[in-house]
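Reading through the structure tokens given below for one structure.
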Protein chains: 2
Amino acid sequence: MGNLLKKEEITSLRLTSKLFKGFADYSRLFIFEVLMNGEKTVSEIVEATGISQSAISNHLKCLRECELVNDRHEGKYVYYSVSDDRVKEIIKLAKEIIKEASEERYRCIKY
Amino acid sequence: MGNLLKKEEITSLRLTSKLFKGFADYSRLFIFEVLMNGEKTVSEIVEATGISQSAISNHLKCLRECELVNDRHEGKYVYYSVSDDRVKEIIKLAKEIIKEASEERYRCIKY
DNA sequence: TTGACATATCATTATTTGTTGATATAATAA
DNA sequence: TTATTATATCAACAAATAATGATATGTCAA
């Protein structure tokens, strides 16, 4: 076979695909959208998105564990924010591509 | 409720999450890895990745429909290439983030 | 203390997604 | 033509994933 990857490169690809899964869902992308202009509490996110509290909390858990967002506890509130400017940059680039694309391009059913 | 989105913004978020799904899988990311240094035929991709021909072909169909890759037919061969430099940039940024992250960060089971 | 609010957790269910194996199509060579 | 190589398609199955509803935990105020 050709240039099959080394173990560490396989790991890196697996982690990178996992990172992208963070962005590959409507609800989570909506969360990022809400967080783009600064930190928000969970209830603010719930209110801004209209998504259920448990769904938001489940998503935030994942995003937090993958360190795509940071959390800051203050009294009974938890403030979430985007962890890294490169995260914002990735989303910005993707939205740029979409802006130029025709809607039909994204009919892809499988995957 | 708060700043719920307009119909076109919802569409945009849906398309963007769909775009990210293109990157959110080990096999597809491996395909991009192989295409990073220029166009390759399907069989070259199959050989370089060790992934089955039908799996590769299924993935390429999706990536082509979402225009993350371009195809060019030449005789019995089909050459695929990354469609846009911003696609490369997105992957590059994600890999940078991963490079700095500890492996445990990506234990996220759900999502 | 009690009650109200904010957030997290978790099992269940329904849906989505990835791979496989078989087969189809298309181009070329013998 | 027939055989061979390259690629695409598609149904079926298995695995992963997202939302829900119920419940738990933690903080604060009365």
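Quick note on labels: first sequence line is chain A, next is B, and so on, each numbered from 1.
For D:dA19, one of the phosphate oxygens OP1 or OP2 lies less than 4.0 angstrom from a side-chain nitrogen or oxygen of A:H59. Within the 4.0 Å cut-off from OP1 or OP2 of C:dT9, not a single side-chain nitrogen or oxygen of A:S54 is found. One finds a side-chain N or O of B:S52 lying less than 4.0 angstrom from the OP1 or OP2 phosphate oxygen of C:dT20. Within the 4.0 Å cut-off from OP1 or OP2 of D:dA19, at least one side-chain nitrogen or oxygen of A:S27 is found. For B:R28, a side-chain nitrogen or oxygen approaches OP1 or OP2 of C:dG18 to under 4.0 Å.
Relative to the side chain of A:V42, the nucleotides C:dT7, D:dT9, C:dC10 differ in distance, and C:dT7 lies closest. In the set C:dC10, D:dC10, C:dA8, the nucleotide with an atom closest to the side chain of A:N58 is C:dC10. In this structure, the nucleotide among C:dA27, D:dG21, C:dG21 sitting nearest to the side chain of B:K76 is C:dA27.
Between the side chains of B:Y80 and B:R64, a donor-acceptor pair is found at a separation under 3.5 Å.
To the nearest angstrom, P of C:dG18 lies 12 Å from CG of B:L29. Protein atom CD1 of A:I31 is 11 Å distant from nucleotide atom P of C:dA8, rounded to whole Å. When rounded to the nearest whole Å, the span between NZ of B:K61 and C1' of C:dA24 equals 13 Å. Rounded to an integer number of Å, the gap from NZ of A:K18 to C1' of D:dA15 is 13 Å. Across the protein-nucleic acid pair, A:H73 atom NE2 and D:dG26 atom P stand 12 Å apart, rounded to whole Å. A:I56 has its CD1 atom 14 Å from the C1' atom of C:dA6, to the nearest Å. Look at CG on B:L60: it is 14 Å from C1' on C:dG18, rounded to the nearest Å. When the P atom of D:dA6 is taken as reference, atom CG of B:D71 falls 18 Å away, rounded to whole Å.
Of the possible polar contacts, one joining the A:E44 side chain to the A:T41 backbone as a donor-acceptor pair under 3.5 Å is found. A donor-acceptor distance shorter than 3.5 angstrom exists from the side chain of A:S83 to the backbone of A:E67, with no hydrogens or angles considered. Listed for the B:E100 side chain is no donor-acceptor partner under 3.5 Å among the backbone atoms of B:I97.
In this structure, B:S43 reaches the sugar-phosphate backbone alone: every heavy-atom distance under 4.0 Å involves primed, P, OP1 or OP2 atoms, never a base. Nucleic acid contact class of B:Y80 (heavy atoms, under 4.0 Å, all strands): sugar-phosphate only.
Remark: of the listed residues B:T11, B:L13, B:L19, B:L19 is the sole one forming a side chain to side chain contact (heavy atoms under 4.5 Å, CB included) with A:I98.
The base of D:dA6 has none of its N or O atoms less than 3.5 Å from a complementary donor or acceptor on the side chain of B:Q53.
Mapping B:Y79 and A:E74 onto DNA chain D via the closest heavy atom, the residue that lands nearer the 5' end is B:Y79.
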